[in-house]
Amino acid sequence: MKQIDWYFDYVSPFAYLQSRRLQEFHGAAEIRPIPVLFAGLLNAFDGLGPAELPTKRIWTYRICQFNAEQWGIPFRMPPAHPFSPLRLLRLTIALNNDAETIDAIYRFIWADGRDPDTEWPALMKMLAIGDAAERISDDSVKLALKANTDAAIAAGVYGVPTLMIDGEAFWGVDGTDFAKAYLADPSILESDAMTRIDTLPNAADRRRRAGVA
């Protein structure tokens, strides 16, 4: 059975939606959750998150609400977004990336619409964790999150969620079906059309310095 590395950050509503669809890979692949800091990916690739662009921010929330309703996934925006996911990511690593814990945290934020910052004590009570502060302050946990993020960047992961299969990255919740199709038939990336896409030249660069032809 193939292994899929699933790169995620709790701050992403798209990652939440995909978390509810990971069951579609049951029997075909084993999912290995890898928490990463989305902000670290953005910094590495000089990008902006959807919530950092006013009009894109609203569109992001609307399309997530729409998709959740279409797919029958419970969805309620938390009171404020974006929020800092750092404690959540470190806690997840401290708990060995436990799938049930990941699911519970996601449901708390994105299904129940609760604030992971102001309601941190309530979340810890729900998870039955009494020593969260000690766990997330451990240097090995902090270093592990940084190592996860650095490794993701080195692998070419530029956003969350990303499913990595055989070194091929499938980005976004809308890449879920593409990933499933690849699992069923890896040769779909070897067609003439796909090969042409892989070698398509770049004819313009908006970041080129002014005055350079």
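Numbers here are sequence positions counted from 1. On a predicted model such as this, the values are computed, not experimentally measured, just so you know.
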Quick one: does [X]'s side chain have a donor or acceptor within less than 3.5 Å of a partner on [Y]'s backbone?
X: T162; Y: Y7; value: no
X: N96; Y: D98; value: no
X: E190; Y: T195; value: no

Below 4.0 angstrom, N of the basic side chain to O of the carboxylate: do D192 and R196 qualify?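 Here D192 does not pair with R196 in a salt bridge, since their nearest N and O are not under 4.0 Å apart.
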For residues [X] and [Y], determine if any side-chain heavy atom of one lies less than 4.5 Å from a side-chain heavy atom of the other.
X: D166; Y: K2; result: yes
X: I109; Y: Y16; result: no
X: Y10; Y: I102; result: yes
X: P186; Y: E168; result: no
X: E52; Y: L42; result: yes
X: F170; Y: L183; result: no
X: R57; Y: T60; result: no
X: L17; Y: R21; result: no

Check whether I58 and W110 end up in the same hydrophobic cluster, where Ile, Leu, Val, Met, Phe, Trp and Tyr are linked by side-chain heavy atoms less than 4.5 Å apart.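 In one cluster: no.
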Are L163 and I188 linked, directly or through other ILVMFWY residues, by side chains that come within less than 4.5 angstrom of each other?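 Shared cluster, yes.
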What's the shortest heavy-atom distance between [X] and [Y], and which atoms?
X: L86; Y: L145; value: CD1-CD2, 3.7 Å
X: F75; Y: A68; value: CB-CB, 3.4 Å
X: M164; Y: A155; value: CE-O, 3.8 Å
X: R114; Y: A122; value: NH2-CB, 3.6 Å
X: S12; Y: Y106; value: O-CE2, 4.4 Å

Inspect the surroundings of CD in E100 and state if more than 12 heavy atoms from other residues, nucleotides or ligands are less than 6.0 Å away.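 Check fails, neighbour count at 12 or below.
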Decide if atom CH2 of W59 counts as having more than 12 heavy atoms of other residues, nucleotides or ligands within a radius under 6.0 Å.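 Counting neighbours around CH2 of W59, 12 or fewer heavy atoms of other residues, nucleotides or ligands fall under 6.0 Å, so no.
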NZ or CZ of R20 within 45° of W71 ring axis and under 6.0 Å: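 No, R20 and W71 do not form such a contact.
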